[in-house]
Structure formats: structure tokens, C-alpha cells
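Here the structure is laid out as C-alpha cells; the discussion comes afterwards.
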Amino acid sequence: MGLTFSDVQLDLRAVVRSFLAETAEGADRRQAMATGGPEPRAWTRMANELGLQGLAIPEEYGGSGGSFVDLAIVLEETGRSLLVAPYLPTVLAGQALLAVGDERARARWLPAVADGAVVATVALTEDSHRFGVDGLRVRARRAGDHWLLTGAKQFVIDGGAADLVLVAACDDTGAVGLFAVEGNSDGLVRRNLEGVDPTRRLSHLDFTDVAAVSVSDPGVDPVGLQRIVDVTLGAIVAEQLGGAQRCLDMAVEYAKTRVQFGRPIGSFQAVKHSCADMWLQVEAARSAAHHLWETIDAGADGDGETTVAAALAKEFCSRAYTDVAKRNIQIHGGIAITWEHDAHLYLKRAKSSELLCGSPDHHRRRVADLVGI
Amino acid sequence: MRINGTTEPTVHGSAAADVESDDEFREIVRAFLTRNHPGPPPHARDEKLEWQKSWLATLFDGGFAGPNWPREHGGMGLSFPRQLVYQEEYARAKVPGPLGNGVGIAAPTIMKYGTDEQRRRFLAPMLRGDRVWCQGFSEPEAGSDLPSLRTTARRVGDEYVVTGQKVWTSHADHSDVIYALVRTGDAASRQRGITYLVVDLETPGVTVRPLADLAGGTTFSEVFFEDVRVPVANRLGEENGGWRIARTSLGNERAASALKSSAMYRRVLDELLALARERGATDDPLVRDRLTDLEIRVRILQYGAERTSASIIHTGEPGPSASGARMQLAKFEQDIHEVAVDLLGADGLITKGSPEAVQRGRWLTGFLRTRASTIGTGTTEIQRNTLAEQVLGLPRDPSMPS
């Protein structure tokens, strides 16, 4: 127990960081925010030069066969850079197909996900507070060899741009399955939301008898469906960790260089203590995240350990990221209250990641229930 | 040692350390601790002290003392992973730990900077518990600013004559030896004029006065020195070279300690959860929420300790996860005790002397005592400064003396 990174993994991180610094930050990021998506060549480069979309997809489907930890390393970097691109939802769709998909679904969709040809997402959430596979209301009813979906999904990441939407829906016994829907299907209305985080696109999706192919029939694989939830949380905390570390780095850099009263402000104890507290938060978040990623890679979760680890990590990393993002602004002073400075982007990503996929309160209650407090 | 497929019953600790498999090592340690368990502690203070010393002697004679001490100095010289196994078994067995604080703090300095004669004279009796050591560093006017310490030592022939006062000396009232930092340089010499001396507490001129702590116990003392004569042979390292050597530590004991502490607090939280359920306190969603917060934090402490272990095993260095561990733990132990007192309500206010006290007042006593967690061995204010400067590279405050 206790994650250590191999030289290959350290190289992966360095390569991705360098690529993102060159293509996804500063003016490039502002441009992507304005146009609503990444520069298409950057997305293609991510797939072709770096194999990022297919990193944790098995080689037989055109991926690199990497572990979840490998994927988490990349997500830390995309979180650190606030990459404006549908990378998170696309790789999560890949992981969902691997968690529950039958061979047909995998063979049909994974190669296109791996080579960046398809933007994908998973539509799970149906209300603003909870996140999980219980109590879903989107209905799936059989129609010959396919299914028809009716209902509403909310806060779907990149739901508006997705070519492939994987939808968790239940049959009339309440058993849950996973279904594949093409983004431009008849009966699917996609409403893009104006969210506070300009680096991430969210949509509400309304389904009225939308044709869908079953990826996993209702009731067949509840463990696999729970894994999709846990892996989603594992991916989000990776982004949160990367963003939180970036906020710490920004604050420390500013404290070293900003001079007031004839000395760098980092020489004042109040600023030092705030930075130390940020560091403590980030290190604790890292411990929670690493433990979760390890349990995800350890395999199928019969004993529920991954589910507890996921709820705990999402709860803690969410609050840590928001706290650190606020402190980063505080340490910067007035300059960080401007649109032009990047600090607000991190605050907005922090706050929205905190409340998407289950708020800290939601996950805290889950930890209490799962652990038996 | 496996002989004919069975474990030989009386394996000496030195041989245990050499067995090939960790599982076999664990069995041997467990067997020794079980077979030699000293039973429940006596209540009377003097009897309890004897009980502890007797146990430490048994441990030492059996070859199971000093898991992280080098073998040449009487320890087991265990690898880091084996130290973890040892600590797990030791905690599980619920046997008493070392007396005083010399074993973890003075011993490394003696091993690294002591003469052969000093090592022979000091180490084995310390490890065996025959001589109990306590630390004389802090003074009434020198706490966080320890380099300003004022207890002086005047060189006269082959002795130092020591005059001054130490405070917060834990265990001094049942110790035999005090290891002290004293001033041999001029008044303004700070770190450059400090010498490390080992003083027998029976020496004429030494007075130990126990201090009552806020929980009504006597966990620490004042120690007064009035023209106390200390042989130069009791000086560790060079004259005026004491500051540099005072904080020597053995390998990765901080990391092992973090693992031990996080495991211990897992158990303490389990005990609090059991108490809370027993009293129906978990029916209150606010109480439940606070307990869940502690649950999350104790798990994160364990995960952090695991990261540190993994880092040591793979790279030899504890890595960043070790730096914050003490502060996180200090806050945790304060919070767990306060959450406990709070969920007991007014019942939580009853002190241990009363028959109505809940669990002999352990949570209340702990709430009071853990005020020291953020003060002793470096206040959290100083620790944050150190973390900011050494880990984050933030600039020193120019108005602080160097």
C-alpha cells in the first residue's frame, strides 16, 4: 500500500505537462473558452502523438493498455492546466465501457474513443445533489432489438458536443442498465447550460423515446455500474488534485516575488502560515486520491472498499481544492479579483467540481452509511 | 528458526531478525510478546514503574528491544518493513513502551557522536530500562527560541559547573539521567555556544520539582542546577558543538512513528464510535457528521503514513507526506477528544475521580492534555514557519535572528 511512480509514469507526466503548457494555457485557454472547445488540432495531437484518449484502453481496442493510475496522472495534469476539452468525459466513457460493456459494445465504440475520433460522455446525474446509480428515473423500454429512453439527465459534462452518450437508465422493475445513444439522435434535446466554470461545458439532456443500444442490460451488472461511479470520482479527484497543487504553486510563487513594505510578502508569517495550510490540505488530498486510485487498479470491488475510498476522496479533495483556490486568491490580493488573472478560473473549477457528481455533504453521508457510523 | 517444520520456541531476538520471511518474523515476535506478557498494569505509581522496568529488562534480555537501533548498540537492526511488522505486533500485544525519552532522542546522538566509552556506558542500560533518561532542553525564557537558552556550564579542570533551570522536563521525577543543552559560550552566542551534557540526576545540586499539569497530573517537572559538577567525560561531541548534534535521529523513526500513531488513533476512534453508539449519540445527525469527519481524517492519516512507508522502501527517503504528519496528527488528537467530550454533553465534564465519570474521564483528560499537542516539540506556529521555509522555499523573516 502506498503509491510510488515509475520512471515511465514520471516521464508521462512531464510530457503531458509540457504539451499542455504549450497548447492549452494562457491565450490558448481563453480562446478555447470563447469557442467552447479545444483547438481541433490539439485534440488530434493528444490522440495521435500522445495517445491520451486511449491511455487506459486495452491494446486490442487501439489503446495503450495503461492502468487507472496512468490515467489519473494525465487527469492531474489536465486539471492543473484547466484543459478546455472533453477529455474527462471521453475517457470516463471508455472506462464505463470497460466496467460493464459487453464485447460488442466495446469493439464498436472503444477504438473510436481511443483514437480521438469520438467525443463521448456518461450521463448519470439526475438531480443537483445526489450522484449514484440508485433511484434513477430515466426509463428504458424495449423496442425490438433496441431500447427507447425517456426522461431527463442533468449536468452532463460535454453533453452538448458528445457524439456518444452512455446513459444509465432503468427498466420498469427499477433495474439499472447502461445504454449507448448517438449525440444527434431523434428525440434527444440538449440544452447547454451557462455554468460558472467557463472551462467546462455542461448540458441537460431530455430524452423522449430516444433509440439506444444496450451496453449492459438492466440488472445484469450492479457491481460494474457502481464501479463506473467510483471511477468517475477517481477521475474527478485527479483533476482536483492537479488544480489544487497549481493553486498552491501560484500562491507560493507570488508570495516569493510580490514585494510590499520592502520585502517579499512570503516573509510575513501570516502568508507563510496560509501557504503551509494549503500545502497540508493538498498533501492530505493526495493521500486520499492515491489510496482511491490504488484500490481502483486492484480490481473489481466485491467488498466495497473502493466505494468508501471514492466517497471519502471526493468529499475531501473537493473541499481541499475550493479552500486552496480561495486562499490563492487571498494571497494574490486585488489582482486576483480580475477577469484577466487566472485565479478565478481555478476557483470556478474548484467550486463546480465540488458540487458536481455529488456534493461533499452527499459523500459524507455516504461514508457514514457505508462505514456504519 | 524453523526446525522440522515447527517454530523453535525460544528464539532470541537477534536470531528472529535474521529469519527469511516476514510472516515467520511476525510469528516469532508475537510468540515472544504473548509468552512474556507482564499482565495488567498495577495502579500504584511506584509499582507501575517497577512493572514497566521489569518488562523492558525482559524485552532487552530476550533480544527484542530497540527494533530500529543498530545491532552493534544492542538493538535488532530491523529493516524498515520489519520495523512496521514489529510495531504492529507490539501495539497488538498491548505491552508497555520505553520509559523516558532517551531511547528515541538522546540515543541517536550518542550513537553518532559519542565516544566508544560513552556508548558502552550509556546505551545498553538506557535500552534495558535500568537507567531512565529525560530531556533538559526548554527553559522558562527559552521555549520556541531555544538557541537563547541560559543555563550555563563553566569549565573548571575536568568538570563543567552547571547553573540554571530547565522546564517541561517530561518524566524527570522518575528518571535517573538528564541530557541537557547548556551554554558554554558567551551570552550572545546562541547556537554557536551550546554544549550537550549528560547529567546524573543524583548529582549534588540537582533538584527536580514536579509540576502539576492542567489535568492535575505530574507529567513534567522543573529541574534546577546549582553549581552541579559534571565530568567532561559526560559531554557529547565538542564543546560549543552541542546544537548541531542535538537533533540527530535514527533513520526513519519519524515515519515509523507516524504509522504507529495513525494506527493507534484508528483504535481510539473505534472506541469513541462504540461509546457514541452505546449512548445513542449517533442518532443525532450533527454528532454523526462530526464523527464522520473524524473517520475521514483518520483514514487519510493512515493513507499518508502508507505513502511515507512506500517512499522509504522505494527511495530511502520519507518524501513530502512525512513533513505534515505531526501537525495533522496533533490537530486530530485535539479534535477527537473535544468531539468526545461534546457528545457526552455535561456528563463529559465529570473528572476521573468521580464514580459518575464516563470511562474514568479519559476523554476529558485527553481534551486537556492534548492542548500540549500543538505546543510541545515545536509549536504549530513554528512548524508552519519551518514548512513554509524549508518545503515551500518562502523567504525567512528578516527580523528573526539566525
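Chain letters run A, B, ... following the sequence lines, proteins first and then strands; every chain starts at 1.
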Return yes if a side-chain donor-acceptor contact under 3.5 Å exists between [X] and [Y], otherwise no.
X        : Y        : result
B:Tyr265 : B:Glu333 : yes
B:Gln334 : B:Ser373 : no
A:Gln240 : A:Ser353 : no
A:Gln226 : A:Asp230 : yes

Side chain from CB out, backbone as N, CA, C, O: work out which of these in [X] comes under 4.5 Å of a heavy atom of chain A, or both, or neither.
X        : answer
B:Ser309 : neither
B:Arg307 : both
B:Leu387 : side chain
B:Ile296 : both
B:Met400 : neither

Region of A:His273 in contact with chain B, defined by heavy-atom distances below 4.5 Å: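 A:His273 touches chain B through backbone and side-chain heavy atoms alike.
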
Interface moiety of A:Arg263 toward chain B, non-hydrogen atoms closer than 4.5 Å: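 It is the side chain, since no backbone atom gets that close.
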
Test: A:Glu253 and A:Lys256 ion pair at under 4.0 Å: no

Short N-O contact, B:Arg190 and B:Asp145, less than 4.0 angstrom: yes

Test item: B:Asn68 and B:Phe80 side chains (from C-beta on) under 4.5 Å apart, heavy atoms: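 Not in contact.
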
Any side-chain heavy-atom pair of A:Tyr321 and A:Gln281 under 4.5 Å: no

Among B:Ala305, B:Ser323, B:Pro285, B:Ser399, residue most engaged with chain A (heavy-atom pairs, under 4.5 Å):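 Counting heavy-atom pairs under 4.5 Å, the top option is B:Ser323.
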
Heavy-atom pairs under 4.5 Å with chain A, option from B:Arg396, B:Arg297, B:Gln383, B:Arg299 with the top count: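 With the most close heavy-atom pairs to chain A, the winner is B:Arg299.
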
Residues in residues 310-320 of chain A near chain B [non-hydrogen atoms, under 4.5 Å]: A:Leu312, A:Glu315, A:Phe316, A:Arg319

Selection from A:Asp361, A:Leu3, A:Leu280 maximising heavy-atom pairs under 4.5 Å formed with chain B: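 Greatest number of close heavy-atom pairs with chain B: A:Leu280.
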
Residue, of A:Ala285, A:Pro264, A:Ala284, that accumulates the most heavy atom pairs under 4.5 Å with chain B: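 The residue among A:Ala285, A:Pro264, A:Ala284 with the greatest pair count is A:Ala284.
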
Lys/Arg cation over aromatic A:Tyr346: A:Arg246, 6.0 Å, 45° cone: no

Among A:Asp249, A:Asn328, A:Ile265, the one residue meeting side-chain contact (heavy atoms from CB on, under 4.5 Å) with A:Tyr254: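 In the set A:Asp249, A:Asn328, A:Ile265, the residue that makes a side-chain contact (heavy atoms from CB on, under 4.5 Å) with A:Tyr254 is A:Ile265.
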
Where B:Tyr86 and B:Pro67 come nearest, the two heavy atoms and their spacing: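 It is CE2-CG, 3.5 Å.
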
